[in-house]
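Input: a single structure, listed below in structure tokens.
Computed from a prediction, not measured in an experiment: that's the story for all the values here.
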Amino acid sequence: LPYTALAGGAYGDTGARLTWLLPSERYAELSLERFAGGTYPFAAGPGAGSTGVNLRLGGDLGLEHSWLASIGTLRGDAGGRPTGTATLDGRVRLHIASLVWKWARNGDPSQQNLVLQAEYLWRREEGRLATDSATGAYQGRHHGGYVQAVLQPWRQWRMGLRHARVHADNTLDPALGAAGGVAAGVHDAWVNSAVLTFARSEFSRLRLQWDWDARRGRDRRLIFQYQMSLGAHGAHQF
């Protein structure tokens with residue numbers, strides 16, 4: 001939910017990335033990204049461009065614990081971006097911070113492991129908002145994030161919980177609109193999910209998921225999936 005509503009297609013846009021693995025004792029990686037900037041929340045058409053910087057840090061704590069943290073920013077233009085019944089000309093800044101903590105009994109994640117993960121997104125917009133009859137200054141502050149936990153108590157079983165939420169400080173910008181699948185005029189939206197997975201083998205698994213979706217009223221969904229893999233995979237390259 002936070003990525004669809006706040007980041008849109010910004011990180012799926014055409015672009016290039018330069019990455020530098022820093023010479024340090026712990027894992028440290030710095031990356032510079034440049035995108036065409038033609039997708040929401042940036043300009044409606046290609047050519048404006050967006051630029052991002054990201055720093056990732058991580059390491060091990062003993063045999064059973066490891067962590068990974070990152071912080072980054074993405075900046076670009078919103079020249080002529082459709083915004084409800086108006087268009088926005090200005091600058092957009094998207095900041096993202098994340099933290100992942102992993103535990104595995106005796107350092108072996110294939111038997112028992114726990115993954116805790118959280119991300120926070122904050123988007124700032126400034127510029128001019130134009131309608132058919134008027135033009136005025138505009139500022140938008142939108143933020144959101146998620147927290148989730150996935151536990152593998154036994155080799156074939158996994159269970160997980162997630163809470164995701166987004167908030168917009170106004171209804172002029174569709175930050176919680178079509179991009180996030182949220183009903184028009186809604187400032188806050190959230191989705192709670194629970195999942196239970198049973199891996200029958202390396203090739204197939206059963207998955208049961210329950211969602212409580214508050215983007216458009218109160219929508220409750222129960223999803224049952226059977227997944228099968230055919231051909232080469234991580235365990236057998238044939």
Original post:
Does the side-chain contact (heavy atoms from CB on, under 4.5 Å) test come out yes or no for Gln112 and Arg155, once each step is laid out?
Top reply: CA-CA 7 Å; Gln112 288 181 312; Arg155 184 178 181 87; over 6 Å; no

Original post:
With sequence neighbours excluded, what pairs up with Glu29 under the salt bridge (charged side-chain N to carboxylate O under 4.0 Å, His left out) test?
Top reply: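 Only Arg56 meet the salt bridge (charged side-chain N to carboxylate O under 4.0 Å, His left out) criterion with Glu29.
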
Subject >> Listed partners of Glu64 passing salt bridge (charged side-chain N to carboxylate O under 4.0 Å, His left out), at least two apart >> reply: none

Residue pair [X] / [Y]: nearest heavy atoms and the distance that separates them:
X: Arg205; Y: Ala199; value: CB-CA, 3.9 Å
X: Ser66; Y: Asp60; value: CB-OD1, 3.3 Å
X: Ala7; Y: Leu94; value: CB-CD2, 3.8 Å
X: Leu74; Y: Ser50; value: CD1-OG, 4.1 Å
X: Ala28; Y: Leu57; value: CB-CD2, 3.6 Å
X: Thr39; Y: Gly9; value: OG1-O, 3.0 Å

Original post:
Going by atom types alone, do Ser31 and Arg17 pair a side-chain donor with an acceptor below 3.5 Å?
Top reply: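 There is no such pair (donor and acceptor under 3.5 Å, judged by atom type) between the side chains of Ser31 and Arg17.
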
Original post:
Going by atom types alone, do Tyr11 and Glu33 pair a side-chain donor with an acceptor below 3.5 Å?
Top reply: no

Original post:
Hey, is CZ on Arg91 packed in by over 12 heavy atoms from elsewhere, all under 6.0 Å?
Top reply: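 For Arg91, atom CZ is crowded (more than 12 foreign heavy atoms under 6.0 Å).
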
Taking [Y] as the starting point, is it possible to reach [X] by hopping between hydrophobic residues whose side chains are less than 4.5 Å apart?
X: Leu116; Y: Leu196; result: yes
X: Leu55; Y: Leu32; result: yes
X: Val53; Y: Trp20; result: yes
X: Trp154; Y: Leu151; result: yes
X: Leu208; Y: Met228; result: yes

Would you find a donor on one side and an acceptor on the other, under 3.5 Å apart, between the side chain of [X] and the backbone of [Y]?
X: Asp13; Y: Gly37; value: yes
X: Asp108; Y: Ser110; value: yes
X: Gln148; Y: Leu161; value: no

How about [X] and [Y]: do any of their side-chain heavy atoms sit closer than 4.5 Å?
X: Ser70; Y: Asn54; value: yes
X: Tyr27; Y: Leu68; value: yes
X: Arg123; Y: Pro41; value: yes
X: Arg124; Y: Arg141; value: yes
X: Thr51; Y: Arg75; value: no
X: Trp101; Y: Leu61; value: yes
X: Leu206; Y: Phe224; value: yes
X: Trp67; Y: Arg26; value: yes

Measuring from atom [atom1] of [X] to atom [atom2] of [Y], what distance do you get when rounded to the nearest 0.5 angstrom?
X: Trp103; Y: His65; atom1: CH2; atom2: NE2; result: 8.0 Å
X: Arg165; Y: Arg215; atom1: CZ; atom2: CZ; result: 13.5 Å
X: Met159; Y: Leu114; atom1: CE; atom2: CG; result: 11.5 Å
X: Ile71; Y: Ile96; atom1: CD1; atom2: CD1; result: 10.5 Å
X: Leu6; Y: His167; atom1: CG; atom2: NE2; result: 11.0 Å
X: Phe198; Y: Gln156; atom1: CZ; atom2: CD; result: 4.0 Å

**OP:** Only counting residues at least two apart or in another chain, list the ones meeting side-chain contact (heavy atoms from CB on, under 4.5 Å) with Gln152.
**Re:**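 side-chain contact (heavy atoms from CB on, under 4.5 Å) list for Gln152, sorted by chain: Asn113, Arg158.
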
Subject >> Val166 and Asp188: CA distance, side-chain angles, deciding distance, side-chain contact (heavy atoms from CB on, under 4.5 Å) verdict >> reply: CA-CA 6 Å; Val166 288; Asp188 293 278; over 6 Å; no

Subject >> Partner set under side-chain hydrogen bond (donor to acceptor under 3.5 Å, both in side chains) for Thr14, not counting sequence neighbours >> reply: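 Per chain and number, Thr14 pairs via side-chain hydrogen bond (donor to acceptor under 3.5 Å, both in side chains) with no residue.
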
Subject >> Pair Arg221 + Asp213: basic N to acidic O under 4.0 Å >> reply: yes

**OP:** With sequence neighbours left out, write down each residue that passes ring-ring contact (aromatic ring centres under 6.0 Å, His included) with Tyr120, or none if nothing qualifies.
**Re:** none

Subject >> Set of ring-ring contact (aromatic ring centres under 6.0 Å, His included) partners for Trp190, sequence neighbours left out >> reply: Trp212

Subject >> side-chain contact (heavy atoms from CB on, under 4.5 Å) evaluation trace for Gln209 with Ser193 >> reply: CA-CA 7 Å; Gln209 179 172 326; Ser193 301; 4.2 Å; yes

Original post:
Between Arg128 and Tyr138, does a side-chain contact (heavy atoms from CB on, under 4.5 Å) hold up when you go through it step by step?
Top reply: CA-CA 5 Å; Arg128 305 288 294 179; Tyr138 169 79; over 6 Å; no

